[in-house]
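Scroll down for the structure; my scribbles are underneath it.
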Amino acid sequence: MASPKVAVVGAGVIGLSTALCITETCPSCSVTVLSDQFSPNTTSDVAAGMLIPHTYPDTPIHRQKQWFKETFTYLFAISNSAEASEAGIHLVSGLKAAGTQMYTRKVADLWELHSEYDIVVNCTGMGAQQLVGDKQLFPVRGQVLKVHAPWVKQFIRDGDGLTYIYPGIHKVTLGGTREKGSWSLSPDAYTTKDIFDRCCSLEPSLQGAQDIKVKVGLRPSRQCVRVQREVLSQGGVKLPVVHNYGHGAGGFSVHRGTAKEAAHLVEECISALQGSSSRAKL
Ligand code: FAD
C-alpha cells in the first residue's frame with residue numbers, strides 16, 4: 001500500500017493534533033480531516049487552554065503522566081521558539097504545510113467512510129456518544145466569559161478550581177461551571193452574572209473589562225480516555241478504526257500525548273493492512 005488514505009473525523013484540539021502527529025509519524029499517508037464544525041465553533045475554542053493535570057480514574061496513572069509530560073515538553077518548546085506568538089495557529093498551519101485536506105462533513109456512521117479511506121480515526125469528542133453509541137461518555141457543561149482586559153497578566157484560580165481568571169493572548173477567560181450531565185449549550189444569564197461577580201471579587205479591576213462574550217462547552221467526559229484500535233467489519237470487508245476521544249476537562253493538557261499514541265496505533269493498522277495485502281498476493 002503506497003499511500004494509505006487516513007480520515008480523521010473531528011477538528012477540535014484532539015482531531016487536529018492527531019492529524020498532525022499522523023503526518024509526522026507516517027509521512028507516506030494521505031491525511032484528510034472531516035468535521036461538521038471547525039474553529040471557532042468547537043468545544044476546544046471554549047477552553048481556557050491551561051495545562052493542568054486532570055485525573056482519569058480508569059486510565060493507568062503512568063500513561064496519564066506520559067501524556068501530560070509529552071504535551072508539556074511539546075508546548076514548552078513552542079513557547080521558546082520564534083513561532084511562540086503564533087502558537088494559536090500552529091496546529092492548522094502545521095497541517096496545511098503537511099498537505100492535509102480539510103472538509104466540512106457530518107459523519108453519521110464511521111462505516112460510510114470505508115469505500116473512500118483505508119483507516120478512520122475518531123476524534124469526535126462528545127459527538128462519539130451518537131457516532132459510536134458510547135454510553136460511557138457524558139457531558140460536563142462549562143460556561144465561561146471571554147473578556148477584553150489586557151492589563152490582567154497573571155492567572156488566579158480558587159481552591160477547588162471552579163472560579164478562575166486565565167489571561168490568554170487575545171482574551172481573558174473567566175470561569176466557570178462544572179455541570180455533570182447537562183447538554184444545554186445556551187448561556188445562562190444568572191450564571192454569567194455569578195461568574196463575573198466571583199471573578200471580580202478575586203480581581204476587582206475586572207469591573208472595567210470590555211467586550212464580554214459568554215461561551216458554553218460540553219467537556220467530553222469518561223472514566224478513561226479512549227485511545228484504542230478497533231476493526232469494523234461488514235460482509236467480509238474490514239475497516240480499521242483508531243479512537244481518540246473522551247478527554248473531559250483535560251484535552252489541552254494531554255492532547256499531544258494522546259495524539260502520539262493514536263498515531264502509533266495508525267502505524268500498527270498500516271502494518272496490518274500491508275501484511276494482509278502481501279499475503280493476498282501470495
Ligand atoms: P471538540 O473540541 O468538541 O472537537 C470535536 C470535533 O468533532 C468537532 O470539530 C466536531 O464538530 C466534530 N464532530 C463531532 N461529531 C462529529 C460527526 N458525527 N461528524 C463529523 N464531525 C464531528 N482542557 C484543558 O486541558 N485545559 C483547560 O484549561 C480547559 N478548560 C476548559 C474550559 C471549559 C469551559 C470547557 C468546556 C473545557 C475545557 N477544557 C480544558 C477541556 C477541553 O476543552 C476538552 O477536553 C477538549 O476541547 C476536547 O477536545 P476534542 O477535540 O475531543 O473535542
Side-chain angles (χ1 to χ4, degrees), residues 5-24 29-50 71 74-75 78 83 85-110 112-113 116-117 119-132 137 139 141-144 146 168-171 173 183-187 213-221 225-226 241-256 258-259 262-263 266:
K5 292 173 80 178
V6 180
V8 175
V9 187
V13 65
I14 301 303
L16 296 184
S17 57
T18 303
L20 187 59
C21 279
I22 296 169
T23 61
E24 290 168 359
C29 284
S30 127
V31 180
T32 304
V33 176
L34 306 171
S35 190
D36 60 348
Q37 299 290 342
F38 286 83
S39 184
N41 299 318
T42 69
T43 306
S44 304
D45 293 288
V46 177
M50 296 296 285
T71 307
Y74 176 71
L75 293 178
I78 292 176
E83 292 88 44
S85 63
E86 292 166 11
I89 56 164
H90 175 80
L91 274 174
V92 173
S93 56
L95 283 169
K96 284 185 181 146
T100 302
Q101 309 286 316
M102 298 202 198
Y103 298 111
T104 301
R105 171 165 169 182
K106 184 170 174 73
V107 177
D109 183 338
L110 293 178
E112 78 186 43
L113 303 173
E116 298 162 71
Y117 298 95
I119 299 161
V120 172
V121 186
N122 172 19
C123 302
T124 52
M126 216 40 242
Q129 201 200 54
Q130 200 180 5
L131 185 60
V132 296
L137 192 62
R141 180 181 184 276
Q143 182 167 326
V144 294
K146 304 267 181 185
I169 296 176
H170 303 296
K171 294 276 180 180
T173 304
W183 284 90
S184 171
L185 283 168
S186 305
K213 298 221 161 51
V214 188
K215 300 275 177 189
V216 177
L218 306 178
R219 301 173 180 92
S221 305
V225 183
R226 188 175 184 200
V241 170
V242 173
H243 299 283
N244 186 11
Y245 67 84
H247 297 69
F252 275 90
S253 309
V254 294
H255 75 272
R256 179 73 183 182
T258 60
V266 168

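Computed from a predicted model, the values in this text were never measured in an experiment.
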Pairs where residues 121-132 contributes a residue and the test salt bridge (charged side-chain N to carboxylate O under 4.0 Å, His left out) is met, not counting sequence neighbours: none

NZ (Lys215) with more than 12 external heavy atoms under 6.0 Å: no

Residues which pass salt bridge (Lys or Arg N to Asp or Glu O under 4.0 Å) with Arg256, listed by chain and number, not counting sequence neighbours: Glu24

Residues which pass side-chain hydrogen bond (donor to acceptor under 3.5 Å, both in side chains) with Lys171, listed by chain and number, not counting sequence neighbours: Asp211

Residues that Gln130 engages under side-chain hydrogen bond (donor to acceptor under 3.5 Å, both in side chains), provided they are two or more places apart: none

Set of residues satisfying side-chain hydrogen bond (donor to acceptor under 3.5 Å, both in side chains) with respect to Thr42, sequence neighbours excluded: Asp45

With Thr32 via side-chain contact (heavy atoms from CB on, under 4.5 Å) - residues at least two apart: Leu34, Gln101, Tyr103, Tyr117

Qualifying residues under side-chain contact (heavy atoms from CB on, under 4.5 Å), relative to Val132, sequence neighbours excluded: Leu110, Asn122, Ala128, Asp134, Arg226, His243, Tyr245

Met50 CE to Ser253 OG distance, which is reported to the nearest 0.5 Å: 9.0 Å

Heavy-atom pair with the smallest gap, counting every atom of Phe252 and Ala47: CE1-CB, 3.5 Å

Asp36 to Thr104 - nearest heavy-atom pair and separation: O-CG2, 3.9 Å

Residues forming a salt bridge (Lys or Arg N to Asp or Glu O under 4.0 Å) with Lys5, sequence neighbours excluded: none

Interatomic distance, Lys106 atom NZ to Gln37 atom CD [nearest 0.5 angstrom]: 9.0 Å

Derivation of the side-chain contact (heavy atoms from CB on, under 4.5 Å) call for Phe38 and Val33: CA-CA 10 Å; Phe38 286 83; Val33 176; 4.3 Å; yes

Side-chain donor/acceptor of Arg141 to backbone N/O of Gly217, under 3.5 Å: no

Check: His247 and Thr43 side chains under 4.5 Å, non-hydrogen atoms: no

With sequence neighbours excluded, residues passing side-chain hydrogen bond (donor to acceptor under 3.5 Å, both in side chains) with Thr100: none

Please set out all donor-acceptor pairs under 3.5 angstrom arising from side-chain atoms of residues 9-21, sequence neighbours excluded.
residue	atom	partner	partner atom	Å
Ser17	OG	Val13	O	2.6
Ser17	OG	Ile14	O	3.3
Thr18	OG1	Ile14	O	2.6
Thr18	OG1	Asn244	ND2	3.0

